[in-house]
Amino acid sequence: MRLRFILNGKPMEVDTHSGRRLLDLLREDLGLIGVKEGCGEGECGACTVLVNGKPRLSCLTAAIQVEGKEILTVEGLWENGKLHPIQKAFVETAGVQCGFCTPGFIMATYALLSENPDPSPSEVREWLAGNLCRCTGYAQIIEAVLLAAKYMRGDALRVTRAEKTS
Amino acid sequence: MEELKVAEETRVVGQAVPRLDAEAKVKGEARYADDLAFPGMLYGKAIRSPVPHARIKRLDLSKVAAHPGVACVVSPADIPGENVVPVIYRDMPLLAAEVVRYVGEPVALLAAETREAAYRAAELAEVEYEELPAVFDPLEAVKSDAPQVAVPEAAETGNVFNHMVIRKGDVARGFAEADEIVEGEYRVGYQEHVYIEPQGVIAVPEAGGMAIYGTLQCPFYVQNAVAAVLGLPLSKVRVVQTATGGGFGGKEDVPSQLAAMAAVLAWKSRRPVKVVYDREEDIATTSKRHPAVIRYRTGAKRDGRLVAVEVEFYYNAGAYQTLSSAVLWRGLIHAAGPYRIPNVKVDGYSVATNTVPCGAFRGFGSPQVIFAHESQMDELAVRLGMDPLELRERNALRVGDRTATDQLLEESVGLMDAIERARELSGWERLRREAEEFNRREPFRRRGIGVSTVMYGVGMGAKAPLLDKAGAYVKVEADGSVTVAVGNTEMGQGALTVLAQIAAEALGVRVEDVQLAPVDTSRVPDSGPTVASRTTTVAGAAVLDAARKIRARIEAAAREVLGADAVEIADSKVWPAGGDSGRAVPLSEVTRWMWVHNWDMGATGWAQGAPVDWDPETGLGKAYFVYAYACHIAEVEVDLLTGEAKVRRFWAVHDSGKIVNPALARGQVAGGVAQGIGYTLMEYLPSLEGRIEGTLMTYRIPTAPDMPEELVIDFVEAPYSDGPYGAKGIGEVPLMASHAAVANAISHAVGARLTEYPALPERVFALARNKTHPR
Ligand code: FES
Ligand code: FES
């Protein structure tokens, strides 16, 4: 069947079938390998994408459910090699290790910061409860989210080195 | 406290430079195993045994082969080379031909055009099993009437794969001299790696041989395994590491098995074959941390001096040897802890059972015994009426002391400094006091403060010194940028970045000018396995060796170009020694000159671990060339009504010698602390008659809210003279130390000794309720 939606800001039209997972549509048919499969059962959050601005697990979402909707993946965040402030923050705080969980965390962060631009550390912690990371112990991920929030609020100049590394 | 040696001054080493691979990862561009596809690629799948122990009476794959989309089936007879997955022993077949020894053991393979077809076809195999008596518990399996599980050539006796000992001094005399003796039995279950990227490889036939792409730690192990099953020379097998989404030991030996499966299917079908496990298959059939039963007896004088320790421990190895002998050995060497003990007797057994083979997991056989020895230290402290931190200080190893294997520690022992720093940072006395006050005040909640101290033998040690080597190739390009090739792998730990920093430091270039070549066994030197926290120390030394050769050539060229007697190089600039660095010329002018004048721009480097030597009869000798140390302190709160335990605050101090990149080292520690918290509190993988059914819903690992709100990490640096810029390893140590601090904090909180992991709420609830000695 024919499926129409907006993918990373661009209109998209593809053929698919009713049993296809959004995850497979994005990864296999559209080559968006930044969408990761860590479990395929809704537990790890590595496959998180935004559907109409809300975080969704693409492994539990049927492709046909996104008809007419807007989808954002990690590939849609950077342009011409320029990193989105969230991506930049993850690099700067060393919130990335193996990186397999990273796109999912970045998309979850994007959703959080559009809802709550100034979250407290414990709000960040709670929000990220659905994303598993086995490498970092989360400390530097939480720092990345807080740093990204600062960048996005536009007071990047007041971010000191000490805050980044404390 | 000893004076720490002042380390060499460095510009790049010691800096928190951003990871070289971070940008590709945040963009979603890094290509992991399942992100690669090749034209004509098939999907491979194993047909596995549903029973724990049986003779295979009949294997009929005709329905599998007839299923639409199936391109190829493989039974043991189709394996062109040897039917083996070689690890340390050669007892594990790729496909069980006569007898299956665990649930999930592969008996046949298939490859299909789609993943769905592969899954469906796998259900259609007709296999007739004649079930045999099975045994699952190592204490049962060692009995003389137990069913024989181990392949006899791979076992010392019966189902005992290996029995290893330490005999130092005279424990009977030691215990006779002791004023206090504590005794205990401790048990731990499985711990599953849960690297977020599951196992995956792709085999691609090429030029009379085979290329393997995969998520893996040890490309040379995979090369060896694929050559064995295909009957090819090593030079016809090429292994390329894809981006690797976590390893933690879980991608040490297991990728050899996947690669061998994919290779045999690709060989027969002459098409690329991808084998990627889903999470369920990954949890059910791949290696894990060994479950264990551990018995300790520890004696001390009234002043706290340890006089004797006696240990007996059993590791459930599973059906085949894989890495268990090496895991057991590390457990053995680490059994006495980082303490000075004159009389030591240790007996370790790894035992075959009809369960999935266990293997490498961060700490490699040491966390199990650390749980026990750190519990014993706290029990002793209670008996002696002594502060547990002080008890550790009294016995902590220092330079000039001898370890449990009678190894003289000649340098680089930062344990006392780590303990002191952890005491200071945590405000230990006040912490303990506040916990006691809280506990008097609160009717239904208890807080406890726990500590643990550990040592970690860096590298392969005296059990496998032949693997403790590394090659490197360093090439300076005409424009002054640098390419480094090593056979060690990046799996998230930051090896690439750390090795680039070492090269940059030695050459005097900026770290962003250094590029690590992709790991491809046909193009990088054999650097041994990426395990045992050895990459920084051993591969780093190889990089340093190569870089120094190039540096000498650059300096010679620069003297000619600048017409100077001596030159200085830093930040990719060159100037006459003693001169004004403001008038420096770019390094590229010199390297361009070298290139134009046909100079050799590349050099190989080589390093091996300092000699080790250990006697299996007595268990004595120089077990490892150097040790890393750590002291962790945890504050835990237990809800007495539910038994739930939460880590509130945590302090981790490490001596891993010179820290090459503080941001990455901090990440290693935080990640290890999380895995340790998971090991103690929640990671529970039951096995019923050898059947493991786990998903990430039932096997819980820590999430962000499970982590302490305050996590303080610090380093004391006792440099190691043979390590690059004084560095020792760090990767495994944080996990080793963290879990025992949490366990001791729980015991302190509820006033009774936790003797089994994980401390699930029902266990903690029962412990608090039925404790033998009320607080
Ligand atoms: S892959 Fe979707 S939640 Fe894990
Ligand atoms: S960085 Fe490896 S799982 Fe998060």
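For the numbers below, each heavy atom of this structure counts, side chains included, while hydrogens, waters and symmetry mates do not. In what follows, chains carry the letters A, B, and so on, assigned in the order in which the sequence lines appear, proteins first and then strands, with residues in each chain numbered from 1. Small disclaimer: the values here were computed from a predicted structure and weren't measured.
At a 4.5 Å heavy-atom cutoff, the contact between B/D34 and chain A is made by backbone and side-chain atoms alike. Within the 4.5 angstrom heavy-atom criterion, only side-chain atoms of B/P198, from C-beta onward, approach chain A. Heavy atoms of B/V673 lying under 4.5 Å from chain A are absent altogether. For B/R362, no part lies under 4.5 angstrom from a heavy atom of chain A. Of the atoms belonging to B/A30, it is backbone heavy atoms, and not side-chain ones, that fall under 4.5 Å from chain A. Using a 4.5 Å cut-off between heavy atoms, B/M707 touches chain A through backbone and side chain atoms alike. Both the backbone and the side chain of B/T695 come within less than 4.5 Å of a heavy atom of chain A. Residue B/D278 does not touch chain A at all, counting heavy-atom pairs closer than 4.5 Å. The contact between B/P708 and chain A is made entirely by backbone atoms, counting heavy-atom distances below 4.5 Å.
Taking chain A as the reference chain and counting heavy-atom pairs below 4.5 Å, the highest number among B/K27, B/E709, B/R19, B/E29 is found for B/K27. The candidate from A/A94, A/A139, A/A129 with the greatest count of non-hydrogen atom pairs under 4.5 Å with chain B is A/A129. Across B/E490, B/Q668, B/E197, B/M491, the residue that shares the most heavy-atom pairs under 4.5 angstrom with chain A is B/E197. With chain B as partner, the option from A/T102, A/N131, A/L128, A/L132 having the largest number of non-hydrogen pairs under 4.5 angstrom is A/L132. Of the listed residues (B/A663, B/A674, B/G28, B/A704), the greatest number of heavy-atom pairs within a distance under 4.5 Å of chain A belongs to B/A704. Of the listed residues (B/A22, B/P18, B/P705), the one with the most heavy-atom contacts under 4.5 Å to chain A is B/P705. Contact count against chain A (heavy-atom pairs under 4.5 Å) is highest for B/G667 among B/P734, B/G667, B/A24, B/G245.
A side-chain donor-acceptor contact under 3.5 Å links A/R134 to the backbone of B/H193. The main-chain N or O of B/E23 is never found under 3.5 Å from a side-chain atom of A/Q87 such that the two would form a donor-acceptor pair. Side-chain N or O atoms of B/K25 include one that pairs as donor or acceptor with a backbone N or O of A/C98 at under 3.5 Å. At distances below 3.5 Å, not a single donor-acceptor pair connects side-chain atoms of B/Y195 with backbone N or O atoms of A/C135. Remark: the backbone N or O of B/G246 is not paired with any side-chain donor or acceptor of A/Q97 at under 3.5 angstrom.
Within the model, atoms OH of A/Y138 and OG1 of B/T703 stand 5.5 Å from one another, a figure rounded to the nearest 0.5 Å.
Atom CD of B/E280 sits in a sparse spot, with 12 or fewer heavy atoms from other residues, nucleotides or ligands closer than 6.0 Å. The neighbour count for B/E710 CD, taken as heavy atoms of other residues, nucleotides or ligands under 6.0 Å away, is above 12. A 6.0 Å sphere centred on OH of B/Y277 holds more than 12 heavy atoms belonging to other residues, nucleotides or ligands. More than 12 heavy atoms of other residues, nucleotides or ligands shown are found within 6.0 angstrom of OH on B/Y190.
Within residues 68-80 of chain A, the residues approaching chain B closer than 4.5 Å by heavy atoms are, in numerical order, A/V74, A/E75, A/W78. Among the residues in residues 21-43 of chain A, those with a non-hydrogen atom closer than 4.5 angstrom to a non-hydrogen atom of chain B are A/R27, A/E28, A/I33, A/G34, A/K36, A/E37, A/G38, A/C39, A/E41, A/E43.
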